[in-house]
Every structure is written in structure tokens, then in C-alpha cells.
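Residues take their numbers from the sequence shown, with the count starting at 1.
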Amino acid sequence: MNVSLVLIVVMAVLFACGVYAMLERSLTRVLIGFLLLGNATNLLLLIVMGQPGPAPFFGEASPEDMSDPLPQALTLTAIVITFAISAFLLALIYRSWQLGQADTVEDDEEDVALRARTVEVTMDDETEIEDADDDATTDFVGVETAPIVVLHARDVPGLRDEAPTDDRDEPRDGGGGS
């Protein structure tokens, strides 16, 4: 078996195990899965690098024999990104343990309600909605509450709007001398 073939098989196993571990509800397993994905990515970049050669210094060797420095730089970047996200996940796990004495993600009421919903939307239903109101500029046709509400100073009595406005009637200081 060829060395690069062994690396490819190990990389594929690491990717598969990493994805499987990230699909679990335990945050610790998500962290382990992410670390496996990071190591698999580093292995992928090692495979992409090709045959090792001398360092890419000017005058050291011919350009054809030199190692490609781009995969090395990408590997360093992948290591830094993996470290940063791992630190963030560790902080999430620690905070979850502080609050609930568990690191599992539980279903909330919205998840249970969504799972309990039995109404299925078919393509015909969507087409009827789109055909009924072609002038609609939102996907929330027929919904009484809009997902975003923009408040102005006139809507809320206690809200003061002191933002500068661009009034076209007032003369501007051009900065230049008259």
C-alpha cells in the first residue's frame, strides 16, 4: 500500500468520525469531532503538498525541486482556526456545565412544537401563495406580525432620535474658502 493512499484512508476516517461526533448532542463530543475535523484538514493539506523538497529559499535549489509553501501556510492557518474554535467550544462547555450541570443540548419548546407539527407544505401550496400576491416583497405573506419592526421617534414617546440628518434645504460648509 502506498504512503499517500494510507494518508488518504486515515484522512477519510478522521473526517467521517469527526462529522459523526459533531452530530451528537453532547458538547464534549462536538468538541472532539471538531478536533478530528481539524486534524483531518491538516492531513488533507499534507497530502496536497506532494513530495517534500528543500525549503523555498532564493538560490537554495531549483524551483521545480522546492517544496510548495502555500499548503504549509494553509496548515498553520488551519491550526490557528482549530485552536480558536476549540477554545470557544471549551468556554461554551464550561458555561453549560456551570448553568445546568450537563453538557448536552436539550430540546426547547420550539423544537418540540416543530417536531409535533404535522402540516406539510407542498410545492403546490407554495405556488398558490406566490401566485396569490405577486406584489409582496416579503416571504411572510399573510403573517400578521412582521419579524422585524423598525421603531422611529414618533412610535415610542420616550425614544429620542438625535441622529444627524441630511437636509437638502440647509447650506453646507464646503470647507473651501469663499
Residues forming a side-chain contact (heavy atoms from CB on, under 4.5 Å) with Val10, sequence neighbours excluded: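 Partners of Val10 by the side-chain contact (heavy atoms from CB on, under 4.5 Å) criterion, ordered by chain and then number, come out as Val6, Leu14, Leu43.
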
If the condition is side-chain contact (heavy atoms from CB on, under 4.5 Å), which residues does Glu110 pass it with, not counting sequence neighbours?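 Per chain and number, Glu110 pairs via side-chain contact (heavy atoms from CB on, under 4.5 Å) with Asp108.
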
By side-chain hydrogen bond (donor to acceptor under 3.5 Å, both in side chains) - contacts of Asp68 (at least two apart):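 For Asp68 there are no side-chain hydrogen bond (donor to acceptor under 3.5 Å, both in side chains) partners, ignoring immediate neighbours.
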
Who pairs with Glu109 by side-chain hydrogen bond (donor to acceptor under 3.5 Å, both in side chains), at least two apart in sequence or on another chain?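 For Glu109, no residue satisfies side-chain hydrogen bond (donor to acceptor under 3.5 Å, both in side chains) once neighbours in sequence are set aside.
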
[Y] reachable from [X] in the ILVMFWY side-chain graph, under 4.5 Å edges:
X     : Y     : answer
Val19 : Ile85 : yes
Val80 : Leu46 : no
Ile8  : Leu44 : yes
Tyr20 : Val13 : no
Tyr94 : Leu89 : no

Rounded to the nearest 0.5 Å, how far apart are [atom1] of [X] and [atom2] of [Y]?
X     : Y     : atom1 : atom2 : answer
Leu37 : Met22 : CG    : CE    : 5.5 Å
Leu76 : Ile81 : CG    : CD1   : 11.0 Å
Leu90 : Arg95 : CG    : CZ    : 15.5 Å

Could you list who else is in Leu45's hydrophobic cluster, with ILVMFWY side chains joined at under 4.5 Å, directly or through other members?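 When side chains under 4.5 Å apart are linked, the cluster holding Leu45 also contains Leu70, Leu74.
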
List, one per line, each side-chain donor-acceptor pair under 3.5 Å for residues 25-36, sequence neighbours excluded.
| from | atom 1 | to | atom 2 | distance (Å) |
| --- | --- | --- | --- | --- |
| Arg25 | NH1 | Val105 | O | 3.1 |
| Arg25 | NH1 | Asp107 | OD1 | 3.4 |
| Arg25 | NH2 | Asp107 | OD1 | 2.9 |
| Ser26 | OG | Thr28 | N | 3.4 |
| Ser26 | OG | Asp103 | OD2 | 3.2 |
| Thr28 | OG1 | Asp103 | OD2 | 2.3 |

Using atom types as modelled and distance alone, determine if a side-chain donor or acceptor of Thr77 lies under 3.5 Å from a backbone N or O of Ala73.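 The answer is yes, because a donor-acceptor pair under 3.5 Å joins these two groups.
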
